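Beneath this line is the structure, given in structure tokens, with notes to follow.
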Amino acid sequence: MGQASMTSTTVAEVMAELAALEDPKARAVNEKHGDDHGVNLSKLRAVAKRLKTQHELSRELWSTGDTAARLLALLVSRPKSFEPSELDAMLRGARVPKVHDWLINYVVKKSPHAEELRVAWFDDPDPVVASAGWALTSERVVKDPDGLDLSRLLDIIEADMNDAPDRLQWAMNTCLAQIGIAHPEHRTRALAIGERLEVLKDYPTPPGCTSPFAPIWITEIVRRQQADATDA
């Protein structure tokens, strides 16, 4: 049996396993968030743990277009093996929120091409693609801010966040909060922008969770950091 046939059979077996894990209740919950699949994510991760890294299988699973298969594909992929053009095509085809988030967090952030893609996506006319550029920018704000113009980022956020589509607005708001948390010299302005724009001010937040409203988010995380520093 050739390698292609073996891969094809493996994909068929995995797809059958995912179909068997389908749970109508899980699907109903997921669909409220725009995620069209019914597989419990803990069970999906268990499948990935058993399969381990299988990059070619990952490509085959992604190509099915099935949301559960794509989530599994991201978990068994080898992030450093994707070319920039492949990641770009994957992002543009990832319209399901959970797939988009996992692609950025589990694959693109671990890619040697992350900075190249961040720059390419940041000003993309497609707001979902641009949101990926902003998510990668937030990562740099925290971990590798050298070379970033934080004042310019705040200028863009102040001018554009209020009217941005939901996914892009969320990513810009995250960047605003991370600038305020990680860079004390910009904190006063970040807080002021958040207070004035009131983006996500009324977002329903479960008990015990921090509100995504930037002024609350910034203030709470800074408070925790200061408390940890005092205890240490």
Side-chain angles (χ1 to χ4, degrees), residues 29 33 35 40-42 44-46 48-49 71 74-75 79-80 97-98 100-112 114-115 117-119 121-122 130-164 166-232:
V29 172
H33 303 288
D35 299 322
N40 176 281
L41 294 181
S42 295
L44 188 80
R45 291 180 188 279
K49 185 175 181 180
L71 292 172
L74 297 171
L75 294 176
K80 293 180 181 179
K98 185 67 72 177
H100 176 98
D101 291 344
W102 282 22
L103 175 60
I104 296 300
N105 288 302
Y106 295 165
V107 176
V108 178
K109 286 181 179 180
K110 299 177 182 178
S111 166
E115 178 61 13
L117 292 168
R118 182 190 76 82
V119 174
W121 292 338
F122 187 82
S131 74
W134 278 89
L136 293 172
T137 299
S138 293
E139 180 89 348
R140 272 203 61 191
V141 163
V142 176
K143 296 184 177 179
D144 184 24
D146 289 350
L148 288 180
D149 187 340
L150 300 180
S151 293
R152 177 176 173 272
L153 288 174
L154 290 174
D155 289 344
I156 298 170
I157 291 167
E158 189 167 24
D160 299 342
M161 182 171 72
N162 203 47
D163 297 321
D166 287 352
R167 190 85 62 86
L168 178 56
Q169 184 184 71
W170 187 276
M172 294 175 82
N173 182 73
T174 298
C175 191
L176 173 64
Q178 297 296 7
I179 290 173
I181 292 165
H183 299 278
E185 69 276 19
H186 293 284
R187 187 170 298 150
T188 298
R189 186 180 176 202
L191 288 166
I193 291 171
E195 290 287 2
R196 186 172 69 79
L197 297 183
E198 298 188 339
V199 167
L200 301 177
K201 185 175 183 178
D202 298 322
Y203 191 84
T205 305
C209 296
T210 302
S211 169
F213 179 47
I216 294 176
W217 186 355
I218 294 168
T219 302
E220 175 59 18
I221 300 303
V222 170
R223 182 194 67 76
R224 291 182 197 174
Q225 291 175 345
Q226 291 172 343
D228 289 344
T230 301
D231 292 343

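Please read all numbers here as calculations on a predicted model, not as lab measurements. These values consider heavy atoms only, across backbone and side chains, with no hydrogens, waters or symmetry-generated copies.
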[X]: side-chain contact (heavy atoms from CB on, under 4.5 Å) partners, not counting sequence neighbours:
X	answer
Asp160	Ile156, Met172
Asn105	Asp101, Lys109
Ala171	Ser131, Trp134
Glu198	Lys201

Is any side-chain heavy atom of [X] less than 4.5 Å from a side-chain heavy atom of [Y]?
X	Y	answer
Ile216	Tyr203	no
Arg223	Thr219	no
Leu75	Trp102	yes
Ile181	Gln225	yes
Arg167	His100	yes

Taking all atoms of both residues into account, what is the closest heavy-atom pair of Thr210 and Glu220, and its distance?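 In terms of heavy atoms, the two residues are closest at OG1-CG, 3.9 Å.
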
Can you name the nearest heavy-atom pair linking Ser211 to Leu200, along with the distance?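 The pair with the smallest heavy-atom distance is OG-O, 4.4 Å.
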
Any residue meeting ring pair (Phe, Tyr, Trp, His ring centres under 6.0 Å) with Trp217, in chain and number order, not counting sequence neighbours: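 With sequence neighbours excluded, Trp217 shows a ring pair (Phe, Tyr, Trp, His ring centres under 6.0 Å) to no residue whatsoever.
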
Could you list the donor-acceptor pairs under 3.5 angstrom formed by side chains in residues 145-154, with sequence neighbours left out?
unit_1: Asp149; atom_1: OD1; unit_2: Ser151; atom_2: N; d: 3.3
unit_1: Asp149; atom_1: OD1; unit_2: Arg152; atom_2: N; d: 3.0

From CD1 (Ile157) to CD1 (Ile179), nearest 0.5 Å: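 Ile157 atom CD1 to Ile179 atom CD1 measures 4.5 Å (nearest 0.5 Å).
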
